[in-house]
S.K.: 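There's a structure below that I have some questions on.
Below, read A as the first sequence line, B as the second, and so on, with proteins coming before strands; counting in each chain starts at 1. All values below come from the heavy atoms of this structure, side chains included, with hydrogens, waters and symmetry mates left out.
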Amino acid sequence: MSSAAPVLGDVVMRATDVHKSFGKLHVLKGVSLEVRQRETVCIIGPSGSGKTTFIRCVNHLEKVDSGRIEVNGHLIGYREREDGRLVEDSERNIARQRTQVCMVFQRFNLFPHKTALENVTEAPIHVLGVPKQRAAEEANALLARVGLGDKCDTYPGKLSGGQQQRVAIARALAMKPALMLFDEPTSALDPEVIGEVLTVMEELAHEGMTMIVVTHEMGFAREAADRVVMMDDGGIIEAGPPEHFFEAPEHERTKQFLSKIL
Amino acid sequence: MLAAVDWHVIGQRIFHPDHVFARALYTTVYIAVIAQVMGVLLGLVAALMRSSKLWPLRLLSGIYVLIFRGTPLLVQIFFIYYGANLLLGFTLIPNSLNLGLFSLDGAVVAGILALGVNEGAYMREIIRAGIDSIDRGQMEAAKSLGMRYGLAMRRIVLPQAARVIVPPLGNEFNNMLKTTSLVFTIGVYEMFADAEIHYSNTFQPVEYFLAVAFWYLVLTGVWGVIQAWIERRLGVSERGEELSFRERLAAAWTPVNAWARGAR
């Protein structure tokens, strides 16, 4: 099966000339990217190229120094003053925006003091105000969907890495986000459980979830991505559909990178 | 030598404590409990202030710890009891405080206040260490799900930090139960004051101080059991293997156990 080609909708995420420095280290040097509804974008590139920093900016876990990121037309993390300058938004608004943009982390970050089910219901109940009964029903369905219907009452400490990451995906899905961010979701996993996580993500992609995935899994990028974006040294150097990317990369740096990793 | 000890008095004090003593024991316990609760709350506020974005709050938190950890508790007790009203120009320490169900003597109020505020400075460090021990990813995950700082702290970080905080907190309360004896110096009639007054009437220090030591041991012993139970409750979740209540209890009695094992 070739990569899915769902009908793309409106622009969900638009990043324009995003700059970010950590002290003297200029990590993002003007990143611009648009992601449309139902699109799956894979960001690849060598370590230190700014991939992770970029998607962390998309839900304002990192502040951008300049440029702007919009999700569904709303500026992320900042509000625009009348003179056009951007000031950081209130915590309340930032939190509200994040309900639309959920992140799956490299190290899962499940809540260890809560069961799989409670991990999934926590935010819907306490952030969105969903009634407990309904949240539990939905969480049950989501856990079943990621193949963990029998692990609802299990604590994360007793789950394998692959199972934990699938709970984390269910936890993010429970927010019914407009956009899901995956920060190297399989990098911390044992090789034998990577497949089960990628399968869930591929299903999501084919079902039309809008996703930005930072990954080193070229197989996944080839199979599930609508577009692959190559980042290097804080900028996007090449982007295109996976066929183009893996068969006829244009940029010299991309060729080098792919030859090392494939 | 031991013949000089009036064992009958010790027996009386231990097995047939009078009403006055019961009242004094009660006073010790409630001073300790209220002061400890106050210390935990103050410590929590100070710990959160320490990591605030606003520097005046961080500074305030720092000064608080500097002063109350850096000066003797006895000085603080005297200062608050005799000095607070004069210093502030209004009545911080009333002559007596009527709380409906029961009323507190002004000295008791001052004692609780001093012990609580002092305890808060130590609790800040303990709570801070607990919060710091939780992986930053927990706060990030909570935020990425749209939780605000307060909610994330309350539902995600603090419940996990509690497991780190509770064992030293238990130690603190053990300490608190004994440290309450200092407030006898401002005229609070708690267990040590009771012993001290009997001693000065009878000049039988061994009998009365031994007996009161026994009662302190009872209080800290009971607390040890409660603490073991609380720690067990907190340990129920994530841990792979679970310690049984008996094992926790055994851990609480480590000094005794060590002796027993050595004796065998």
S.K.: Answer yes or no: does atom CD of A/E192 have more than 12 heavy-atom neighbours from other residues, nucleotides or ligands under 6.0 Å?
M.R.: yes

S.K.: Given that the side chain runs from C-beta out, which part of B/R136 has a heavy atom under 4.5 Å from chain A: side chain, backbone, both or neither?
M.R.: side chain

S.K.: Please answer whether the main-chain N or O of B/Y149 pairs with a side-chain N or O of A/E91 as donor and acceptor at a distance below 3.5 Å.
M.R.: yes

S.K.: What residues form a side-chain contact (heavy atoms from CB on, under 4.5 Å) with A/V200, not counting sequence neighbours?
M.R.: A/V146, A/R166, A/I169

S.K.: Specify the closest pair of heavy atoms between A/F111 and B/A141, including all atoms of both residues, with the distance to one decimal.
M.R.: CE2-CB, 4.0 Å

S.K.: Please round to the nearest 0.5 Å and tell me the distance separating atom CD1 of A/I125 and atom CZ of B/R155.
M.R.: 8.0 Å

S.K.: Do A/K114 and B/P159 have side chains that approach each other closer than 4.5 Å (heavy atoms only, starting at C-beta)?
M.R.: no

S.K.: A/R56 and B/E140: side chain to side chain contact (heavy atoms under 4.5 Å, CB included), yes or no, with the steps?
M.R.: CA-CA 10 Å; A/R56 284 171 61 85; B/E140 287 193 344; 2.6 Å; yes

S.K.: Could you pull out the closest heavy-atom pair between A/H113 and B/I156, with the gap in Å?
M.R.: CE1-O, 3.5 Å

S.K.: Under 4.5 Å heavy-atom distance to chain B, tell me which part of A/R92 shows up: side chain, backbone, both or neither.
M.R.: both

S.K.: With distance as the sole test, does A/H126 use its side chain to make a donor-acceptor pair with the main-chain N or O of B/A152 at under 3.5 Å?
M.R.: no

S.K.: Determine which residues belonging to residues 94-110 of chain A lie within contact range of chain B, meaning some heavy atom pair is under 4.5 Å apart, and list them by number or answer 'none'.
M.R.: A/A95, A/R98, A/T99, A/V101, A/C102, A/M103, A/F105, A/N109, A/L110

S.K.: Select one option (side chain, backbone, both, neither) describing which atoms of B/L151 are under 4.5 Å from chain A's heavy atoms.
M.R.: side chain

S.K.: Could you please spell out the steps behind the side chain to side chain contact (heavy atoms under 4.5 Å, CB included) verdict for A/R171 and B/L145?
M.R.: CA-CA 8 Å; A/R171 180 175 71 173; B/L145 291 166; 3.6 Å; yes

